[in-house]
Amino acid sequence: MKIVLQDLTKTFPGRSKKEPSEVVAVDHFNFEIPDGKLIGLLGPSGCGKSTTLNLLCGLLSPTDGSILFGDEDVTALPPERRGVGMVFQNYALYPHLTVRQNILFPLQNLKGKDKLTKAAMNERTKTAARLVQIEELMERKPSELSGGQQQRVAIARALVKMPRVLLLDEPLSNLDARLRLQTREEIRRIQQETKITTVFVTHDQDEAMSISDLIVVMCKGVVQQIGKPQDVYDDPANLFVAKFLGTPPINVFSGNVRSGQLLVGENPVLTVPGVSDQDVFVGIRPEGFIPASDGPLCCTFEGVEVMGRDISVVSNHVNSENASIRSIITAETPIDTTARTIRFSLKPTKVFLFEKESGKRIRFQNAD
Ligand code: ATP
């Protein structure tokens, strides 16, 4: 089921004299979510992710714009008539019911033509439990389950009604690091098996990048960029997106362009054909630095962090906007750890320029 968002907008009124102006939580969101895909809705706290999800499931009505599921306009439909399965961060299981009863619950509330026989309900419950691999836990209460198991029950409960659309709001936030990794792979598997169009909300870029077909990066209610995770990482539309994606984060310097040369401080560090003279922000991905004794970018050497296969060289520069510069290089690269400075040449495809005022990307022709 494709989902179409047309100019979707949600404003909330100002709450007090101190906060008189309205909050635009979602601002003219236009997007067609392709059928059967997993979309990661990503952004910092307060950017409008949950509001978008609540608009999709019908818990909130938009101030403007519309939502279509396939060709059906669902903007005015109440949540129970949208065919949406929802999974929340806190699982929201009924503590007094067993796993089986929790999963069964949404089916018992079906009315009219949707009503199912007892046998059909039991069959659906079994199928959902099998899908999330909790068949052996059916008679336990939620308090007798681990966080990861509880989240599986919540997913089974959302799937049991065979929803047209699955919405997941920070479903992994309450899990520890190892379980998060495992559960996110599970969600991917379940989504691929069921082929239900799924929207997954998270503020964790690693999570969104690793399982999404497409990511939507939001900031202050405004969509910044939509694309395949790798494409957005490799080709960010603006400084916000460049800074939001990537661990370690992108290194940002203030620089300027003069006669087709990018300068950081006094030194020309890269040829940037086609860019007019101006002050810029320069973003360099950690993998964009190549240690080279004759490299044009000279930084103060601070140390080395071992990361296993790779190492991170930590350095500094007077024009760096980050407290430390982190460059990722292979562990075999020889580094003189007694030196006061380290010089780098730069990989042009890993260097991005941004307008100083707006943060918009400035593209240059790659000399390579
Ligand atoms: P988080 O990751 O912290 O959950 P989010 O990206 O999901 O954040 P939303 O909850 O969608 O953000 O909130 C978007 C903006 O709308 C925020 O500025 C928030 O304060 C505001 N907002 C959300 N709900 C309401 C409400 N009921 N009344 C007033 N303002 C609201």
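Note that ligands are numbered from 1 as they come in the structure, with each ligand's atoms numbered from 1 the same way.
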Exercise for review: May I ask you to check whether S50 and E170 show a side-chain donor-acceptor distance below 3.5 Å?
Suggested key: no
Check your understanding: Quick one: salt bridge (charged side-chain N to carboxylate O under 4.0 Å, His left out) pairs with a partner in residues 287-299, sequence neighbours left out?
Key -> E287-K350
Please write down residue, atom name and distance for the protein heavy atom closest to [atom].
atom	answer
atom 4 (O) of ligand 1	S50 OG, 3.7 Å
atom 14 (C) of ligand 1	G46 O, 3.4 Å
atom 28 (N) of ligand 1	R15 NH2, 3.3 Å
atom 3 (O) of ligand 1	S45 OG, 2.5 Å
atom 23 (C) of ligand 1	F12 CE1, 3.5 Å
atom 2 (O) of ligand 1	K49 NZ, 2.9 Å

Review point. Are Q191 and R188 close enough, and set up right, to give a side-chain hydrogen bond (donor to acceptor under 3.5 Å, both in side chains), and what steps lead you there?
Key: CA-CA 5 Å; Q191 194 275 329; R188 184 58 173 155; 3.1 Å; yes
Review point. Can the positive tip of K356 be found less than 6.0 Å from the middle of the six-membered ring of F281, inside 45° of the ring normal?
Key: yes
Practice item. Determine whether any heavy atom of C47 lies closer than 4.0 Å to an atom of ligand 1. Key: yes
Practice item. Just jot down the side-chain hydrogen bond (donor to acceptor under 3.5 Å, both in side chains) partners of N322, sequence neighbours excluded, or say none. Key: none
Practice item. Answer yes when K228 and D235 have at least one side-chain N-carboxylate O distance shorter than 4.0 Å, and no when they do not. Key: no
Check your understanding: According to a 4.5 Å side-chain heavy-atom criterion applied to Ile, Leu, Val, Met, Phe, Trp and Tyr, with indirect links allowed, do V257 and L270 form part of one hydrophobic cluster?
Key -> yes
Practice item. May I ask you to identify, for V23, whether its side chain, its backbone, both or neither come under 4.0 Å of ligand 1 on a heavy-atom basis? Key: side chain
Point to revise | Mode of P44 contact toward ligand 1 - side chain, backbone, both, neither (heavy atoms, under 4.0 Å) | key: backbone
**Study point:** More than 12 heavy atoms of other groups within 6.0 Å of K243 NZ
**Key:** no
Check your understanding: Is the CD atom of E357 crowded by more than 12 outside heavy atoms at less than 6.0 Å?
Key -> no
Check your understanding: Looking at T51, which atoms of ligand 1 are within less than 4.0 Å of one of its heavy atoms?
Key -> 9 (P), 11 (O), 13 (O), 14 (C)
Point to revise | Within-cut-off N or O pair, A25 and ligand 1, under 3.5 Å | key: no
Point to revise | Heavy-atom protein contact below 4.0 Å for atom 26 (C) of ligand 1 | key: yes
Practice item. Measure from atom 20 (O) of ligand 1 to the protein's non-hydrogen atoms and state whether any distance is below 4.0 Å. Key: no
